Amino acid sequence: MKEYDVVIIGGGPAGMAAAISAYDNEGKVLLIEREEKIGGILKQCIHDGFGLVKFNEQLTGPEYANRYIDEIKKRKIEILTETFVLKIDEKESFIMEFMNREGVQKITTKTIIFATGCRERTSKQIFIHGDRPAGIYTAGTAQYFTNILGFLPGKNCVILGSGDIGLIMARRLTLEGAKVQGVYEIKSEPSGLTRNIRQCLDDFDIPLYLSHKITRVFGKDRITGVEICQIDENFQPIPSTLKKIECDCLILSVGLIPENELIQELGIKINKFTNGPEVDNNFMSTEISGIFICGNAVHVNDLVDYVSESGEIAGKKAVEFIKNGEKTFEKTSVVFDEQFLYVVPQYYNKNTKEDLLFYFRSKNNFNDQKINIIINDYIISKKYKKLKSAEMERLTLKNDFESNLKKINLQME
Amino acid sequence: MNLTCIVCPNSCELFIEKNGDKLKVSGHMCKRGIEFAENEIKAPKRVVCTTVKTNLQNTPRLPVKTDKEIPKEKIFDVMKEVNKLEVINKTKVGDILIKNVCGTEANIVATDNFLF
């Protein structure tokens with residue numbers, strides 16, 4: 001059986017960054033990708049806005065991916081594409097079974113990095129009543145049709161949900177000559193970034209209807225229309241606002257869920273706030289040492305730059321983990337108050353001397369909000385002009401504490 | 001007047017006051033916000049990202065963009081021009097496919113490799 005130090009599952013932005021960083025730290029690396037090419041979802045995200053944090057440039061998705069693909073090509077990183085992981089056994093090292101054109105194969109590895117990304121919520125998960133005709137797509141599928149295959153998914157579209165991909169597709173379909181009648185969002189606040197509301201909807205006079213939901217789908221073979229209504233503060237439909245809209249396409253942009261089926265088979269539990277496994281500051285699982293998780297598999301990020309960042313950390317730390325030979329670490333739990341939706345990582349290694357990094361989302365929207373970070377006996381305050389639950393925040397803290405990290409508390413004042 | 005800056009994900013809320021010919025911008029976290037506000041008031045500009053047809057069945061589209069911002073009102077003219085194009089030669093990221101598209105001084109450049 002072939003032996004590796006680090007096997008990375010998933011060749012998107014997190015996996016590519018992890019592979020490069022593990023290789024540069026002298027690990028024997030294998031990158032496994034189930035699609036034909038590496039690059040992940042970036043391949044179909046042809047719009048710009050990627051890489052502002054990482055490269056200080058506005059790149060399109062394929063350009064951002066190519067920066068990493070070029071780096072991978074410069075190194076001798078082993079890649080298996082069109083390869084699907086079947087099973088992982090936890091022994092002294094990990095035994096991994098996967099399948100591709102060569103058949104079923106087995107390898108062993110000292111560490112595994114899960115960079116499996118996330119997937120879209122589908123119509124089945126949002127309980128729309130009515131017929132099940134053709135013409136209902138998730139925003140990502142519509143994006144794949146339009147940008148990769150060159151097919152327009154519809155000429156007269158309705159978009160449900162104001163997630164970023166839905167907003168981006170509203171603009172994309174309009175550019176390609178389709179009519180987008182409107183974006184309907186169940187919540188009273190849009191879920192996408194404000195800049196995407198402005199440049200994708202407002203620029204093209206596409207209306208955004210908040211506190212609206214789709215109550216029915218019409219159409220026998222192909223979708224012919226939807227029934228829409230306004231909802232009250234308890235999310236109940238207001239019958240007097242019911243109306244029917246004709247359309248030939250319904251696009252769903254109703255949220256993303258980290259993809260962690262494989263990791264759950266190892267018995268690792270999923271945090272209900274992030275929908276991903278719990279990790280420490282090295283992006284290592286807090287349940288099985290040697291298993292690392294990065295990118296959108298841990299929690300859904302807004303920016304690919306931070307996805308790459310977590311991959312880079314995971315790759316480096318996986319190799320360090322092997323070199324150290326230490327299997328268990330004393331950990332301090334990151335405690336946060338109920339104003340936070342979540343904070344990642346969930347744990348810190350007590351004796352880490354590296355600077356602290358947190359990603360978090362607030363539960364509600366706040367203006368001029370102070371956040372207190374309590375480390376041992378110290379309180380460090382950071383002020384935020386605005387906090388939005390739809391926008392992820394990244395917080396760093398210099399680690400010049402003399403003693404180990406015994407207490408980590410995040411509080412909103 | 002209020003504007004949302006679209007230069008970066010911070011999405012700063014900009015407040016713009018007109019003082020004669022001069023604009024006074026506040027609410028920005030960086031100086032790109034001022035430039036954005038000035039352009040947005042005088043002549044809004046955008047980068048256009050789209051795809052072009054290719055002659056290869058397994059890679060039917062190649063993503064492209066304008067290499068700089070173009071006037072907002074030219075977006076659909078540019079789309080029309082780009083949709084006439086078919087890529088048949090090997091192309092690398094950054095290769096120019098249309099020069100000075102619709103007289104905007106922007107070029108249409110490939111944003112992915114088209115190698116076979």
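These numbers come from a predicted model, not from an experiment. By convention in this document, chain letters (A, B, ...) are assigned in the order of the sequence lines, proteins followed by strands, and residues within each chain are numbered from 1. Worth knowing before you read on, the calculation uses all heavy atoms, side chains too, and leaves out hydrogens, waters and symmetry mates.
For A:Tyr144, the OH atom sits in a loose shell: 12 or fewer heavy atoms of surrounding residues, nucleotides or ligands are nearer than 6.0 Å. Remark: A:Lys187 NZ is loosely packed, at most 12 non-hydrogen atoms of other residues, nucleotides or ligands lying under 6.0 Å away. The environment of B:Glu35 atom CD is sparse: at most 12 non-hydrogen atoms of other residues, nucleotides or ligands sit within 6.0 angstrom. Residue A:Asp368 places its CG atom among more than 12 non-hydrogen atoms of other residues, nucleotides or ligands, all under 6.0 Å distant. Atom CZ of A:Phe151 sits in a sparse spot, with 12 or fewer heavy atoms from other residues, nucleotides or ligands closer than 6.0 Å. In B:Glu38, the CD atom is crowded: over 12 heavy atoms of neighbouring residues, nucleotides or ligands sit closer than 6.0 Å. Within 6.0 Å of the NZ atom in B:Lys53, the count of heavy atoms belonging to other residues, nucleotides or ligands does not exceed 12. Atom CZ of A:Phe84 has 12 or fewer neighbouring heavy atoms from other residues, nucleotides or ligands inside a 6.0 Å radius.
In this structure, chain A has a heavy atom under 4.5 Å from the backbone of B:Asn10, while its side chain stays farther away. Heavy-atom distances place the side chain of B:Ile75, and not its backbone, under 4.5 Å from chain A. When heavy atoms are compared at a cutoff of 4.5 Å, A:Phe204 approaches chain B solely by way of its side chain, counted from C-beta outward. Heavy atoms of A:Ile46 lying under 4.5 Å from chain B belong to its backbone as well as its side chain. For chain B, no part of A:Asp305 is nearby; none of its heavy atoms comes within less than 4.5 Å.
Here the closest non-hydrogen pair linking A:Arg198 and B:Thr4 is NE-OG1, 2.8 Å. Shown here for B:Thr111 and A:Asn66, the closest heavy-atom pair between the two residues is O-ND2, 4.1 Å. For B:Thr59 against A:Lys37, the heavy-atom pair with the smallest separation is OG1-NZ, 4.5 Å. Pairing each heavy atom of A:Leu52 with each of B:Arg32, the nearest pair is CD2-NH1, 3.6 Å.
The choice from A:Glu391, A:Arg172, A:Lys388, A:Lys385 that makes the most heavy-atom pairs within less than 4.5 Å of chain B is A:Arg172. Note on A:Ile69, A:Leu193, A:Leu149: by heavy-atom pairs under 4.5 Å with chain B, the leading option is A:Leu149. Among the candidates A:Leu175, A:Asp302, A:Thr60, the residue making the largest number of heavy-atom pairs closer than 4.5 Å to chain B is A:Leu175.
For the atom pair B:Cys5 SG and A:Gln199 CD, the distance stands at 10.0 Å (nearest 0.5 Å).
A distance-only check finds a donor-acceptor pair linking the side chain of A:Gln58 to the backbone of B:Val7 [under 3.5 Å]. No donor-acceptor distance shorter than 3.5 angstrom exists from the side chain of B:Lys65 to the backbone of A:Leu59, with no hydrogens or angles considered. Checked by atom type and distance alone, the side chain of B:Ser11 pairs as donor or acceptor with a backbone atom of A:Arg195 at under 3.5 Å.
Side-chain N/O atoms of B:Thr50 and A:Glu176 include a donor and acceptor closer than 3.5 Å.
Using a 4.5 Å heavy-atom cutoff, the side chains of A:Lys43 and B:Asp112 are not in contact.
A salt bridge links A:Asp203 with B:Lys72: the distance from a Lys NZ or Arg NE/NH1/NH2 to an Asp or Glu carboxylate oxygen falls below 4.0 Å.
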